[in-house]
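Take this structure first; my questions come after.
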Amino acid sequence: MEFQVSLEDIVSGVGRLVEGELSHYSAKGTPFSDGDILFGKLRPYLAKYWLADRVGTAGGDIHVYRPSEGVLPRFLSYVVGSRDFVKYAEAASKGTKMPRAEWIGLREFRVPDFDLNTQRAIADFLDHETSEIDAMIVKLDDLAEQLDSRKLSVIQRQTQFRTSGERWETVPTAHLFDSIGSGTTPKEREFYSDGEDGIAWVTSSELREKEILETNQRVTRAAVDSISSLRIHPSGSILIAMYGATIGRLGILKTDATLNQACCAFSSPRGINPTYFYYTLWGQRNDIIRQAVGGGQPNISQTILRRWRVPHPPVDAQMSIVAVLEETIGRIDAMLGKVADLKSLLVERRAALITDVVTGKKEVA
């Protein structure tokens, strides 16, 4: 199979690909060779770049830069990863919500004219310095992964088992909610609103195990009145993504909202605390995803979700479980926040070092 790289496969700010299996896309891309530099043109402020070490194809939102004669690929990769280039690309980008930087706007970026020996010295120095920073970043990523695993373990234990160790009895979700439904994507542009009078419209990309107060897009009252499948789900509804890159991701509505077709909402609970249910789905997420059907894009249908059985302790026990989880998860999230802050400092230090060296502000021996 041809090696393919999409924008999601490039780690922001550190010049490498994600660990594990890469995502796959069906659209045509740009071929690249060993020694080419890939740069994400969509939301260039994310600083997604990678020095290719093999032949492959880059997704549509990726530029492919081939070094000219007399330009060392490793040196050019650091130039592309520098803050100066990223800020230049950000300034040259067009679009508000999904800004893109096209080559026509980047081709005038000025690159220091160092000879090959100087380029090699710069690249060697940065290889050494950034490798140490990257090693620390990897350790922080490992720590964050351990904390996330700890969080999931606590959620599963609290929601699925009694204090005695026995499992709670389970019931289908259809027995616990008066309403289980989805939404759609309006086709007409006039059905979208830029004003505060519009109605929130949630897409699956916004499901990130958080409360949802605001959405990236809003729809008009006329859209809701005209499209029967575009219904308003009440604040307090629990959302789950049914397919796509975010399959299984969750959210809690904190405002009345409509949904796109990739989201499913559980509303009007009967004998179930919504927050407890939210944590229950979180703990069962991997099991739910395994029920998805379909080849290219596995789908958790509403039928599967309606039949899905969840632990159902008495309501007072649910409330106690939620209280324990809120406290425990709050502590874990606080630690995750500190890890994220440390990682941000390292990424910033890395970018600043690269910028100072490739521009000549910091000399290397």
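Computed from heavy atoms alone, side chains included, the values below leave out hydrogens, waters and symmetry copies.
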**Report entry** Reference residue Phe39; test ring pair (Phe, Tyr, Trp, His ring centres under 6.0 Å); the match among Phe85, Trp103, Phe109, Tyr88
**Finding:** Phe85

Query - salt bridge (Lys or Arg N to Asp or Glu O under 4.0 Å) assessment of Arg290 paired with Asp287 - result: CA-CA 5 Å; Arg290 280 193 283 270; Asp287 294 328; 2.3 Å; yes

Report task. Give the C-alpha distance, both sets of side-chain angles, the deciding distance and a yes or no for salt bridge (Lys or Arg N to Asp or Glu O under 4.0 Å) between Lys48 and Asp9. Result -> CA-CA 9 Å; Lys48 291 193 171 188; Asp9 299 323; over 6 Å; no

Query raised in the report: Using the ring of each side chain (for Trp, its six-membered ring), is Trp282 parallel, tilted or perpendicular to Tyr279, with breaks at 30° and 60°?
Result: parallel

Report task. I would like to know whether Glu102 and Lys94 meet salt bridge (Lys or Arg N to Asp or Glu O under 4.0 Å); could you show each step before the answer? Result -> CA-CA 8 Å; Glu102 299 299 342; Lys94 299 184 183 300; over 6 Å; no

Query raised in the report: In terms of side-chain heavy atoms, does Asp134 have a donor or acceptor partner in Ser131 at a distance below 3.5 Å?
Result: no

Requested in this report: Could you label the plane-to-plane angle of the Trp50 and Phe32 rings as parallel, tilted or perpendicular, counting under 30° as parallel and over 60° as perpendicular?
Outcome: perpendicular

Query raised in the report: Within a radius of less than 6.0 Å around CZ of Arg270, do more than 12 heavy atoms belonging to other residues, nucleotides or ligands occur?
Result: yes

Query raised in the report: Only one of Ile122, Val358, Val71, Leu72 clears side chain to side chain contact (heavy atoms under 4.5 Å, CB included) with Phe114; which?
Result: Ile122

Report task. Inspect the surroundings of CD in Glu214 and state if more than 12 heavy atoms from other residues, nucleotides or ligands are less than 6.0 Å away. Result -> no

Query raised in the report: Strictly by modelled atom types, are Ser179 and Ser267 linked by a side-chain donor-acceptor pair under 3.5 Å?
Result: no

Requested in this report: Could you tell me whether the side chains of Gln217 and Thr215 share a donor-acceptor contact shorter than 3.5 Å?
Outcome: no

Requested in this report: Enter the distance from Glu145:CD to Leu336:CG here, rounded to the nearest 0.5 Å.
Outcome: 11.5 Å

Query raised in the report: Quick check: are there more than 12 heavy atoms from other residues, nucleotides or ligands sitting under 6.0 Å from CG of Asp115?
Result: yes

Report task. Give a yes or no on this: more than 12 heavy atoms of other residues, nucleotides or ligands lie within 6.0 Å of atom CG of Asp113. Result -> no

Query raised in the report: For Gln156 and Phe161, what are the C-alpha separation, side-chain angles and deciding distance, and is it a side-chain contact (heavy atoms from CB on, under 4.5 Å)?
Result: CA-CA 8 Å; Gln156 290 174 333; Phe161 296 93; 5.8 Å; no

Query raised in the report: Just wondering, are more than 12 heavy atoms of other shown residues or ligands nearer than 6.0 Å to CZ in Arg349?
Result: no

Query raised in the report: Going through the checks in order, is the side-chain contact (heavy atoms from CB on, under 4.5 Å) test met by Phe125 and Val357?
Result: CA-CA 9 Å; Phe125 174 81; Val357 173; 3.8 Å; yes

Query raised in the report: Between the main-chain N or O of Gly271 and the side-chain N or O of His312, is there a donor-acceptor pair closer than 3.5 Å?
Result: yes

**Report entry** Thr246, Asn216, Leu239 screened by side chain to side chain contact (heavy atoms under 4.5 Å, CB included) with Glu206, the one that passes
**Finding:** Asn216

Query raised in the report: Less than 6.0 Å separating the ring centroids of Phe277 and Phe177?
Result: yes

Requested in this report: May I ask you to check whether over 12 heavy atoms, not counting those of Glu166, lie within 6.0 Å of atom CD?
Outcome: no

Query raised in the report: Please walk me through it: do Ile304 and Gln291 pass side-chain contact (heavy atoms from CB on, under 4.5 Å)?
Result: CA-CA 8 Å; Ile304 291 174; Gln291 301 301 311; 4.0 Å; yes

Requested in this report: Please lay out, stage by stage, how Asp36 and Arg66 fare under the test salt bridge (Lys or Arg N to Asp or Glu O under 4.0 Å).
Outcome: CA-CA 5 Å; Asp36 289 349; Arg66 181 157 297 168; 2.7 Å; yes

